[in-house]
Participant: 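Have a look at the structure that comes next, please.
Residue numbers start at 1 and run along the sequence shown.
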Amino acid sequence: MMDFGKIKIDWPKVGFFRFKEIKANRHLLTNDVGEYVILSDKEFKGFLEGKLKSTDPVFKVLREQGLIRNQMDFPELISGYRKKNMFLFQGPSLHIIVLTLRCDHKCVYCQASSRGESERGFDLDTATAKKIVDIIFASPAKSLAIEFQGGEPLLNWPVLKFIIDYALEKNKTENKSLELRLVSNFSMMDKEKLAFLVKNRVTLCTSLDGPEHVHNKNRAWIRGNSHKHTIKWLGEAQKVYKSKFKNRSRPGAIVTVSRYSLKYPEKIAAEYIKHGMEAIFVRPLTPLGMAKKVWSKIGYTPQEYLKFYKTALNYIISYALKHPKSRVHENTAKILLAKILTEYDPNFLELRSPCGAGTGQVLYNYDGKVYTCDEARMVGEDIFCIGNVKDGSYKDIVAHPTVRILSMASCLENTACDLCVYKPYCGVCPIYNWAEYGNLFSQASNNARCIIFGGILDFLFAKLEDKKVRKLFEKWAAFAVPEPQG
């Protein structure tokens, strides 16, 4: 541990940075653009005291990363900062539509507070759906993603089909870069529906929580074996999409980790690889919706999750290194590595400042109510409701005072995160803070979300010092960068 009290800092030579000792004799330094360098005790001391020579290789790296005050390339740094924050110059690009709250699964961690399959009054109707699409296209964003969620959205197939047809027809004159996404458990999938979705290039995503006994424990299906049915239609969709769209990403899946999942990190990763999945997206539980009510049964500490995640990630890294032609990767790592290793920011809405609530995404509920984000509707209150499509306009929604408040609460400069070495790569969720602490601005160092992402970043930066792993990570980061349009 360095004794900073004995170091006389040469301020005219030291550019602004944040730092952290990530392990013995290794100090991570970052700046606001997201450039970084890892220094030994001796190198860090020499840097702080201004004693590094211009011929020293470390000095050259520090200068290139914008950390030598009197040799900073401000136009380059400003350009880099602008690129990393391009999301500030566009309107909401992700628009989530809840087609129904009805669902035929009884997932132990349901965050959407879904209703029974036969219950009435929880479906989106066509008239409201049309108004939602009209408001979505009022966004100035050049790229729009319309994501269908539930409940189980396929239970409201007629309205899902209507929205797809209407949005595609409307886009003939609007000329947006439009992506349609369906998040489904596939329980209601059939060949006719799949053919329609393929024809209209709808991106598919499901939940696959691991091997059969893990998945079925987490995601019980009232009509049978959820895992078997999910795998069947995931396989069918993969085959069709691969044959129809050779350069298009295949149907994906997400792992939601419950307490029961913690024992099986490697088996869960292996299950994805077994079924030809390239992206393994491991996500922790969030204490929202029904999950909050049963947290004592299904939840865990951030330390327990980190142990699970690191074991799973090590397994995925090991597999990818043994199969260099493979595109198998973990999505959370991919997103963070793109922020660390490229000039591009993937605009993952939970990891930006401000967060995407109302400015990057909007959620439209089955009853026409509009919320700042998916998490906002899960709270179970209307405190984060920002309007209703039945009597509101796009301008009314995005200019709502709640959107401004959430933007303020999620600007990292307004929180303790401003002092953190990982500020350039991270973000806060004020909805999570509200649900956990009753305070939008609460961001204590013992915040579970903070511990998890900080722990993942610790792990990634430590791994980056391994040359073989770094090369693999550079490959993963490139997966997050959009291909240039020809």
Side-chain angles (χ1 to χ4, degrees), residues 18 20 28 30-34 81 84-88 92-94 96 111 282-289 291-292 295 299 301-303 305-306 309 331-333 335-340 345-363 371-379 381 383-384 386 400-461:
R18 300 174 180 86
K20 177 181 182 178
L28 172 67
T30 67
N31 62 14
D32 276 327
V33 186
Y81 187 83
K84 288 287 183 77
N85 292 274
M86 282 302 295
F87 57 80
L88 295 173
S93 57
L94 173 59
I96 301 171
Q111 295 169 330
V282 183
R283 301 294 304 272
L285 274 177
T286 303
L288 297 171
K292 186 175 180 67
W295 189 259
T301 67
Q303 291 79 10
Y305 178 78
L306 281 172
Y309 179 84
N331 253 15
T332 301
I335 291 163
L336 291 169
L337 290 167
K339 288 170 165 281
I340 295 166
D345 189 290
N347 193 23
F348 188 65
L349 300 171
E350 298 176 22
L351 294 173
R352 55 174 250 189
S353 173
C355 75
T359 56
Q361 70 171 300
V362 177
L363 179 134
Y371 295 84
T372 55
C373 54
D374 198 16
E375 290 78 11
R377 62 122 174 184
M378 294 176 181
V379 171
E381 307 171 39
I383 187 170
F384 300 112
I386 53 175
H400 195 281
T402 298
V403 174
R404 296 198 293 270
I405 291 170
L406 291 178
S407 292
M408 290 174 58
S410 60
C411 275
L412 298 186
E413 288 78 8
N414 292 335
T415 70
C417 300
D418 193 28
L419 303 174
C420 179
V421 69
Y422 295 135
K423 181 193 173 188
Y425 320 117
C426 206
V428 300
C429 177
I431 307 296
Y432 169 85
N433 290 338
W434 177 265
E436 282 292 273
Y437 308 108
N439 184 339
L440 294 174
F441 291 84
S442 176
Q443 191 62 26
S445 59
N446 61 350
N447 179 310
R449 193 175 180 278
C450 175
I451 293 171
I452 287 173
F453 280 109
I456 292 173
L457 284 160
D458 282 345
F459 190 67
L460 294 178
F461 273 105

Participant: State the SG-NZ distance between Cys426 and Lys339, to the nearest 0.5 angstrom.
Facilitator: 8.0 Å
Participant: Tell me the closest heavy-atom pair linking Phe87 and Pro354, and the distance in Å.
Facilitator: CE1-O, 4.2 Å
Participant: Kindly indicate whether the side chain of Asn447, heavy atoms from C-beta on, has any atom under 4.5 Å from the side chain of Tyr437.
Facilitator: yes
Participant: Not counting sequence neighbours, list each pair that qualifies as a salt bridge (charged side-chain N to carboxylate O under 4.0 Å, His left out) and has a residue in residues 408-422.
Facilitator: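 Applying salt bridge (charged side-chain N to carboxylate O under 4.0 Å, His left out) to every pair that reaches into residues 408-422, excluding sequence neighbours, yields Arg18-Asp418, Glu413-Lys423, Asp418-Lys423.
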Participant: For a 4.5 angstrom cut-off between non-hydrogen side-chain atoms, does Arg352 reach Thr359?
Facilitator: yes
Participant: Could you check if a side-chain atom of Asn85 sits within less than 4.5 angstrom of a side-chain atom of Asp345, using non-hydrogen atoms only?
Facilitator: no
Participant: Hey, what's the ring geometry for Tyr422 with Phe461, parallel, tilted or perpendicular (30° and 60° as the breaks)?
Facilitator: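 If you compare the ring of Tyr422 with that of Phe461, the planes turn out parallel.
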Participant: Please examine the side chains of Ile340 and Leu457, heavy atoms only from C-beta on, and report whether any two atoms are closer than 4.5 Å.
Facilitator: yes
Participant: Hey, does Phe384 have a side-chain heavy atom less than 4.5 Å from the side chain of Leu440?
Facilitator: yes
Participant: Supply the atom-to-atom distance Ile451 CD1 to Asp458 CG, rounded to the nearest 0.5 angstrom.
Facilitator: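 Spacing of CD1 (Ile451) from CG (Asp458) equals 11.5 Å.
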Participant: Among residues two or more places apart or on two chains, list those pairs meeting salt bridge (charged side-chain N to carboxylate O under 4.0 Å, His left out) that have a residue in residues 425-439.
Facilitator: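 Sorted pair list: Lys292-Glu436.
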Participant: What are the two closest heavy atoms between Ala357 and Cys373, and how far apart are they?
Facilitator: CB-SG, 4.2 Å
Participant: Between Pro346 and Ala338, what is the shortest heavy-atom contact and its length?
Facilitator: CG-CB, 3.7 Å
Participant: Looking only at heavy atoms, what is the nearest atom pair of Ala409 and Val428, with distance?
Facilitator: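 Smallest heavy-atom distance, with atoms named: O-CG2, 3.8 Å.
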Participant: Between Asp32 and Lys84, is there a salt bridge with N-O shorter than 4.0 Å?
Facilitator: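 No, Lys84 and Asp32 are not salt-bridged.
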Participant: To check you understand the geometry: which heavy-atom pair defines the closest contact between Tyr425 and Val421, and what is its length?
Facilitator: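 Minimum heavy-atom contact is CE1-O, 4.4 Å.
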Participant: Take Val379 and Tyr371 through the test side chain to side chain contact (heavy atoms under 4.5 Å, CB included) and record every step on the way to the result.
Facilitator: CA-CA 11 Å; Val379 171; Tyr371 295 84; over 6 Å; no
Participant: Could you pull out the closest heavy-atom pair between Ile386 and His400, with the gap in Å?
Facilitator: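 Looking at all heavy atoms of both residues, the shortest contact is O-CD2, 3.5 Å.
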Participant: Would Leu285 and Trp295 count as a side chain to side chain contact (heavy atoms under 4.5 Å, CB included) if you check the C-alpha gap in whole Å, the side-chain angles of each, and the deciding distance to 0.1 Å?
Facilitator: CA-CA 9 Å; Leu285 274 177; Trp295 189 259; 3.6 Å; yes
Participant: From Trp434 CH2 over to Leu406 CG, what is the distance, rounded to the nearest 0.5 angstrom?
Facilitator: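 The CG atom of Leu406 is 10.5 Å from CH2 of Trp434, to the nearest 0.5 Å.
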Participant: Taking the side chain as everything from C-beta on, heavy atoms only, tell me whether Val282 gets closer than 4.5 Å to Tyr305.
Facilitator: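 Side-chain contact under 4.5 Å: yes.
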